[in-house]
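To keep things clear, I will list the structure first and then write my remarks on it.
This structure is a prediction, so every number in the text was calculated from the model and none was measured.
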Amino acid sequence: KMPKKQTFNLPTLSISKALLLCAVVALSGCSTYKPTKTADICNIFRGETDWYKAARKANKRWGTPIPLMMAIINQESSFRHNVRPDRPKFFFIPLPRRSSAYGYAQAQDPAWNDYRRDTGHWTHDRDKFGDAINFVGWYTDKSHKNLGLSKWDAPNQYLAYHEGWGGFKRGTYKKKKFLSGVAAKVKRQTATYSTQLKTCQPALDKAVKGWWPF
């Protein structure tokens with residue numbers, strides 16, 4: 001006599017739970033978006049309009065121009081979500097990383113913790129673009145308040161971002177000749193992004209109209 005075939009009753013998802021699951025999957029997919037043309041801000045935002053929404057939201061909150069925030073992120077990570085500094089090796093043995101920098105904005109642990117404490121965004125992650133660009137907006141706003149730097153002063157904002165507020169006050173960047181070239185590069189990229197954004201921003205605003213509450 002053949003044994004009875006066993007059946008398993010799997011729990012069914014409610015419509016609301018199913019929609020929530022889909023949203024989580026969609027958001028997780030957005031976090032790994034990698035622009036193919038990082039020198040073109042219109043190409044970046046057309047490829048992922050959620051990034052434009054996040055950039056616009058950070059600009060509205062902190063007042064830092066979108067091109068400047070994007071130029072800093074481009075310089076720091078080339079818009080890669082999980083970048084860390086390389087680990088030095090002793091022969092074939094990996095040694096500890098020299099920096100805790102991580103994610104789109106290459107924020108280090110102390111600065112990231114200050115950001116979360118100051119804003120209350122304890123769940124923010126450095127490998128999520130929206131959280132990272134909000135961090136850049138927060139940091140440049142603090143540089144404006146702490147150092148008197150204009151939010152349109154791309155090279156000095158970048159130097160303060162790279163060296164930290166204390167380092168910028170002490171002029172540590174003056175001893176690092178390569179940094180002046182990097183800061184100039186960020187300035188050029190900011191100007192390029194600004195020119196490009198003027199050509200596509202109306203279309204981007206139209207594309208996200210009705211999806212964002214401002």
Side-chain angles (χ1 to χ4, degrees), residues 31-48 51-52 54-56 58-59 62-86 97-112 114-115 124-144 146-147 149-168 171-198 200:
S31 67
T32 56
Y33 163 65
K34 173 65 173 68
T36 55
K37 298 179 181 179
T38 59
D40 186 342
I41 199 171
C42 294
N43 177 270
I44 293 170
F45 286 146
R46 288 192 190 109
E48 183 50 80
W51 281 27
Y52 177 63
R56 192 168 70 163
N59 167 252
W62 304 110
T64 304
I66 291 174
L68 173 55
M69 293 187 290
M70 292 292 283
I72 288 176
I73 293 176
N74 184 37
Q75 177 59 42
E76 293 299 281
S77 70
S78 297
F79 300 105
R80 293 171 292 167
H81 76 285
N82 61 351
V83 180
R84 293 183 187 274
D86 292 333
R97 291 183 173 88
R98 296 190 179 96
S99 168
S100 59
Y102 176 68
Y104 288 108
Q106 288 295 281
Q108 297 192 43
D109 290 348
W112 187 256
D114 286 345
Y115 158 73
H124 277 200
D125 294 318
R126 286 174 282 184
D127 58 3
K128 293 180 180 177
F129 178 80
D131 299 346
I133 197 167
N134 196 61
F135 168 81
V136 175
W138 169 84
Y139 197 99
T140 50
D141 179 64
K142 288 287 187 181
S143 295
H144 169 67
N146 295 340
L147 304 172
L149 298 180
S150 167
K151 294 178 183 179
W152 286 263
D153 185 350
N156 281 315
Q157 280 284 359
Y158 178 75
L159 290 173
Y161 189 90
H162 189 277
E163 296 297 280
W165 301 310
F168 186 87
T172 56
Y173 58 90
K174 296 176 182 178
K175 300 177 181 179
K176 303 174 183 178
K177 294 183 179 180
F178 74 95
L179 270 182
S180 60
V182 177
K185 180 181 176 182
V186 172
K187 180 181 180 180
R188 291 193 300 271
Q189 188 65 74
T190 299
T192 299
Y193 278 166
S194 182
T195 301
Q196 293 169 342
L197 189 59
K198 290 176 182 177
C200 62

Quick check: does any side chain N or O of Ser78 sit under 3.5 Å from a backbone N or O of Arg80, one acting as donor and the other as acceptor? no
Nearest non-hydrogen partners of Gln75 and Tyr158, listed with the distance: CG-OH, 3.7 Å
Please round to the nearest 0.5 Å and tell me the distance separating atom CD of Gln189 and atom CD1 of Ile41. 8.5 Å
Look at the side chain of Asp131 and the backbone N and O of Asp125, then say whether any donor-acceptor pair between them is shorter than 3.5 Å. yes
Angle between ring planes, His124 versus Trp112, binned at 30° and 60°: parallel, tilted or perpendicular? tilted
Please report the interatomic distance OG1(Thr190) to CD1(Ile66), rounded to the nearest 0.5 Å. 12.5 Å
Which label fits Tyr115 and Phe135: parallel for a plane angle under 30°, tilted from 30 to 60°, or perpendicular past 60°? perpendicular
Out of Trp51, Phe45, Tyr52, which residue meets the ring-ring contact (aromatic ring centres under 6.0 Å, His included) rule with Phe129? Trp51
Between Leu147 and Ala160, the two heavy atoms sitting closest are CD1-CB, 3.7 Å
Donor-acceptor under 3.5 Å (Thr192 side chain, Arg188 main chain): yes
Nearest non-hydrogen partners of His144 and Leu149, listed with the distance: ND1-O, 2.9 Å
Out of curiosity, His162 NE2 to Thr172 OG1, how far, rounded to the nearest 0.5 Å? 9.0 Å
Closest heavy-atom pair and its distance - Trp152, Pro65: NE1-CG, 3.3 Å
Looking at Leu68, is its backbone amide N or carbonyl O close enough to the side chain of Lys151 to form a donor-acceptor pair, meaning the two atoms are under 3.5 Å apart? no
Does Tyr173 reach the side chain of Ser180, with side-chain heavy atoms less than 4.5 Å apart? no
Has the side chain of Tyr33 got a donor or acceptor atom that lies under 3.5 Å from a matching backbone atom of Ile44? yes
Greater than 12 external heavy atoms within 6.0 Å of Lys198's NZ: no
Can you measure from OG1 (Thr64) to CE (Met70) and round to the nearest 0.5 angstrom? 14.0 Å
Rounded distance [0.5 Å steps], OH in Tyr102 versus CD in Glu76: 15.0 Å
Between Cys42 and Gln196, the two heavy atoms sitting closest are SG-O, 3.1 Å
Thr140 backbone acceptor or donor facing Gln157 side chain under 3.5 Å: yes
Atom CZ of Phe168 and atom NZ of Lys174: how far apart are they, to the nearest 0.5 Å? 8.5 Å
If you look at every heavy atom in Arg46 and Cys200, which pair is closest and at what distance? NH2-CB, 3.6 Å
Check: Asp109 and Arg126 side chains under 4.5 Å, non-hydrogen atoms: yes
